[in-house]
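All remarks here apply to the structure that follows.
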Amino acid sequence: MIDLLILAEKASAAKHMAKAFGGTTGRMAGKTYKIVHAHGHLMAFKDPDKMVTTAAAKQRYSSWTDMQTMPWDQADFSWAKTYTKAYNAYTKKSKSTRADITAIKAEAANAQAILMATDNDPSGEGDLLGWEIINAIKWHKPVYRIRFADETPKSLNKALHQMVAITDQFKQGEYLKSDARSKWDFLSMQLTRISTYAARQAGYRVKVINQGRLKSVIVLKIWQQQQLIDNYVKTPYFEAKFKDPAGHIFARELKTDAQKQAARFADEKSGQTATARYTKSPVTNIKRVRKTQAPGALLDLAKLGSLLARQGFNPKEVLATYQKMYEAEIVSYPRTEDRKITQEQYNELLPVVDSIAAVIGVDQRLLTHRTLRSKHCASAAAHGANRPGIKVPQSLTELAKYGPSAQAIYKTLAANYLAILGEDYEFDRVTAQLQLYPTFKTGFNVPVKLNYKAIFDDAEQVLAKTKPLSTVVGPEAVPFMYQGANPKPTRPSADWIGKFLEKHNIGTGATRLSVQAQLTSGKNAFINEKRGFYTLTQPGTIAAVLVRDTWIGSPQITKQLFDHMDAVGQLNESPAVVVNSATKVVAHDLPLILNNSQALAQFVGKPAPTRTTKKYKAKPKVKGQYCDGQTVEFNATWSGHKFSAEERRKLLQGATITFEATSKYGKTYTATGALKQQTYKGKQFWGFKAAFGK
DNA sequence: GCAAGGTC
């Protein structure tokens with residue numbers, strides 16, 4: 001018997017704990033222990049029709065076509081969970097998690113208590129997956145919880161001394177809120193059924209039109225942006241500005257629409273007239289101020305994905321390659337939420353920063369900033385921002401075995417990390433104005449010392465390829481007519497969607513990239529991706545048009561969900577209120593989606609005419625009363641033979657008949673048989689059944 | 001056939 005069975009979320013966490021506590025089994029703080037681990041969620045909700053008991057309910061919750069069955073009544077559901085299938089990328093096989101549960105159960109049989117040491121995610125997901133396992137093994141003895149700031153030995157040992165008892169899961173806010181979240185998302189599946197039905201009703205032969213609070217928002221946002229681009233009309237304007245001999249532009253700062261209207265003219269002539277009112281003016285009030293800028297935030301996976309998209313790597317490949325590099329401990333944990341690191345994580349990496357620099361060809365003399373800036377420092381960061389691992393590769397070429405993007409991943413990730421060891425970028429801010437017209441101003445930056453920017457330049461993409469202007473301003477500037485235009489809307493891209501999702505706090509670091517990978521791959525892809533730029537496919541356009549003006553397509557829905565989840569987490573609100581709100585969304589969106597299907601023809605073109613192949617042609621039927629009294633319907637023709645009135649009468653009497661049939665190869669043969677109730681693909685039907693072999 | 005959230 002051991003005192004504590006320590007349950008870690010995943011293999012890497014278990015490994016770090018073994019390192020911190022002195023082995024997979026052992027004794028620490030006067031207690032014997034053993035470490036086991038899951039791999040994320042081992043349990044998931046059963047299908048809707050498997051969570052209800054009566055035959056009528058089972059029928060209701062399996063329907064994809066009867067809109068009267070929705071919204072679902074969540075009170076009908078048992079919310080029972082079952083094992084999931086875990087996909088192994090190496091064996092390319094899916095395996096049930098049943099074996100993992102059995103193994104943990106066997107270990108628990110020898111333990112006095114379980115210590116839940118899963119991740120401490122802000123969403124409570126670690127608590128949810130921990131309880132799923134504890135419930136699945138039917139554990140009724142004490143449960144303790146630790147929450148660690150990161151997985152370094154120091155933090156893990158510190159957490160161990162702050163162990164708390166959490167024996168009642170229904171009083172634990174973290175569990176309650178993530179449980180409510182998972183039920184909310186589960187109920188949102190109805191919107192996929194509704195959308196699929198709506199598209200088919202409108203005549204589109206679609207597979208599945210997926211909807212959810214990530215998918216719908218992404219697809220709708222891309223569609224709306226595409227509409228803006230399609231409807232964009234370039235409207236030129238003409239405005240008076242000044243230019244000095246070096247080419248610096250002096251202009252008025254136009255903030256409000258009124259200011260813009262007063263200074264900009266739609267026709268060239270008015271622009272010329274306005275410009276002609278000005279004369280050459282001396283430049284005055286030239287100021288040079290030395291300024292500094294600290295390195296930017298560290299990367300998360302979505303940001304890394306979008307940086308690499310510009311180099312032609314797709315999210316799916318980047319995810320897979322990163323995962324392999326993580327398993328080899330060359331890079332840190334991929335699915336992190338963190339954009340910061342703890343002091344411990346910083347200290348851990350410090351001894352190897354010079355060798356990392358050598359591998360990616362960064363000048364080690366630039367790495368002089370050996371304290372962690374507060375802007376990059378978090379008091380708790382379970383995994384910390386995406387960064388290089390403690391294991392440093394010998395060279396970049398050695399990384400090629402992990403995948404096409406491996407070298408690019410390491411170079412980008414390492415350079416971004418090393419930048420925080422560089423000194424602040426130094427530049428001069430130069431400003432000046434015109435003596436005669438002081439509202440006309442200019443301003444630009446002159447680099448003094450690149451410092452961290454020589455390691456990783458976060459603003460790289462913004463820099464134009466034009467030659468920088470001379471830093472000499474003035475001594476005078478002449479008026480000229482500037483021709484501008486209203487800006488063209490940005491093309492949807494991985495980067496752009498990433499920023500949008502982050503702004504609205506939709507999805508987590510892990511799901512933001514994985515849902516984009518999902519939407520851009522497979523036969524039923526909703527998004528075409530090319531070098532990071534997005535366009536919608538036909539099913540993608542259908543999905544978007546269907547959720548116009550709906551709640552599921554609005555980023556506000558996630559905001560509301562999260563606000564309510566926080567209240568549940570604080571035990572200030574009943575979880576049922578959160579779950580109920582999903583039903584309200586379905587009730588609100590159902591008629592809108594059905595109505596939106598009428599707009600499909602306008603935006604995605606008319607559906608292709610239905611194929612009239614033999615396979616889909618309805619066969620003529622015969623109806624009558626069978627000898628047992630029930631009314632039956634069966635095909636009027638069987639294997640090229642049309643039953644005569646006499647044969648039909650006999651068949652309904654239950655008699656055996658014999659006739660000449662024609663095979664599909666044109667050969668005639670004698671068939672003997674009777675009318676029978678049969679099953680085809682799980683569906684029952686009545687029809688002639690030949691007694692072959694006679 | 002359905003979600004989003006973990007995981008490999």
Side-chain angles (χ1 to χ4, degrees), chain A residues 8-14 37-50 61-65 69-70 72 81 84-95 97 100 118-133 177-197 199-200 206-218 319-328 333-337 382-383 501 506-515 518-519 522-524 539 543 552 557-558 561-562 565 582 585-586:
Chain A
E9 181 154 327
K10 51 185 169 282
S12 64
H37 69 84
H39 33 261
H41 285 283
L42 297 184
M43 306 294 287
F45 288 128
K46 290 182 175 179
D47 285 341
D49 60 307
K50 303 281 184 338
Y61 293 110
S62 12
S63 176
W64 282 66
T65 48
T69 63
M70 289 177 263
W72 295 340
K81 296 199 173 181
T84 59
K85 288 243 171 75
Y87 178 74
N88 185 317
Y90 297 102
T91 61
K92 291 189 174 169
K93 278 179 187 165
S94 290
K95 210 177 106 227
T97 52
D100 302 282
T118 48
D119 292 356
N120 184 27
D121 315 293
S123 58
E125 211 64 31
D127 297 78
L128 174 61
L129 75 90
W131 280 115
E132 279 168 357
I133 295 164
K177 78 177 195 186
S178 57
D179 182 59
R181 197 277 311 147
S182 69
K183 287 172 180 165
W184 197 105
D185 284 328
F186 186 88
L187 290 171
S188 74
M189 289 199 312
Q190 292 170 83
L191 296 158
T192 293
R193 293 187 180 184
I194 295 165
S195 293
T196 305
Y197 171 80
R200 288 184 188 169
V206 295
K207 207 166 168 271
V208 173
I209 301 298
N210 310 66
Q211 305 287 5
R213 61 183 172 80
L214 258 88
K215 293 186 167 101
S216 305
V217 167
I218 293 172
L319 277 176
T321 303
Y322 195 109
Q323 173 69 21
K324 286 183 196 152
M325 292 168 73
Y326 155 64
E327 284 164 21
Y333 183 72
R335 292 166 286 275
T336 181
E337 279 274 28
H383 308 100
L501 295 176
I506 300 172
T508 62
T511 51
R512 269 173 218 148
L513 191 59
S514 78
V515 84
Q518 225 181 78
L519 290 169
K523 278 185 188 160
N524 197 35
I552 197 68
I557 250 7
T558 288
L561 172 63
F562 285 10
M565 273 171 61
V585 171
V586 175

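Since this is a predicted model, take the numbers as computed values, not measurements.
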Which nucleotide in [options] has an atom nearest any side-chain atom of [X]:
| X | options | result |
| --- | --- | --- |
| A:Asp119 | B:dA4, B:dG5, B:dT7 | B:dT7 |
| A:His39 | B:dG6, B:dG5, B:dT7 | B:dT7 |
| A:Gln323 | B:dC8, B:dC2, B:dG6 | B:dC8 |
| A:Thr511 | B:dG5, B:dT7, B:dC2 | B:dG5 |
| A:Val208 | B:dC8, B:dG5, B:dC2 | B:dC2 |
| A:Asp47 | B:dG6, B:dA3, B:dC2 | B:dC2 |

Original post:
Between A:Arg213 and A:Ile557, what is the shortest heavy-atom contact and its length?
Top reply: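 It is CB-CG2, 4.1 Å.
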Original post:
Which pair of heavy atoms, one from A:Asn524 and one from A:Asn210, lies closest together, and at what distance?
Top reply: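 Between these two residues, the closest heavy atoms are ND2-OD1, 4.1 Å.
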Specify the separation, in whole Å, of atom [atom1] of [X] and atom [atom2] of [N].
| X | N | atom1 | atom2 | answer |
| --- | --- | --- | --- | --- |
| A:Ile209 | B:dC2 | CD1 | P | 12 Å |
| A:Asp179 | B:dG5 | CG | C1' | 13 Å |
| A:Met43 | B:dA4 | CE | C1' | 18 Å |
| A:Met565 | B:dA4 | CE | C1' | 11 Å |
| A:Met325 | B:dC8 | CE | P | 16 Å |
| A:His41 | B:dA4 | NE2 | C1' | 9 Å |
| A:Asp127 | B:dG6 | CG | P | 12 Å |
| A:Phe45 | B:dG6 | CZ | C1' | 13 Å |

Original post:
Do we see A:Phe186 stacking on the base of B:dA3, given a limit of 5.5 Å between centres and 30° between planes?
Top reply: no
Original post:
Hey, which of these two, A:Ser182 or A:Ser514, hits DNA chain B nearer its 5' end, going by closest nucleotide?
Top reply: A:Ser182
**OP:** Using the closest heavy atom to pick a nucleotide of DNA chain B for each, name whichever of A:His383 or A:Asp185 lands nearer the 5' end.
**Re:** A:Asp185
Original post:
For the residue pair A:Phe45 and A:Phe186, does the interplanar ring angle fall in the parallel (under 30°), tilted (30 to 60°) or perpendicular (over 60°) class?
Top reply: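 It falls in the perpendicular class, over 60°.
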Is [X] touching bases, backbone alone, or none of the nucleic acid, heavy atoms closer than 4.0 Å?
| X | answer |
| --- | --- |
| A:Asp121 | nothing |
| A:Gly126 | nothing |
| A:Trp184 | nothing |
| A:Tyr333 | sugar-phosphate |
| A:Lys215 | sugar-phosphate |
| A:Gln190 | nothing |
| A:Arg213 | sugar-phosphate |

**OP:** Tell me whether the OP1 or OP2 atom of B:dT7 has a side-chain N or O from A:Lys10 closer than 4.0 Å.
**Re:**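 Yes, because at least one side-chain N or O of A:Lys10 sits under 4.0 Å from OP1 or OP2 of B:dT7.
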Original post:
Taking only N and O in the side chain of A:Asn210, is any of them less than 4.0 Å away from OP1 or OP2 of B:dA3?
Top reply: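 Affirmative; the distance criterion is met.
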Subject >> For A:Ser195, the option from A:Ile209, A:Ile552, A:Val206 that meets side chain to side chain contact (heavy atoms under 4.5 Å, CB included) >> reply: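 So, applying the side chain to side chain contact (heavy atoms under 4.5 Å, CB included) to A:Ser195 and each of A:Ile209, A:Ile552, A:Val206, only A:Ile209 qualifies.
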Original post:
Roughly how far, to the nearest 0.5 Å, is the NZ atom of A:Lys95 from the CG atom of A:Asp100?
Top reply: 5.5 Å
**OP:** May I ask you to say whether A:Lys10 pairs ionically with A:Asp119, meaning some side-chain N is under 4.0 Å from a carboxylate O?
**Re:**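 Yes.
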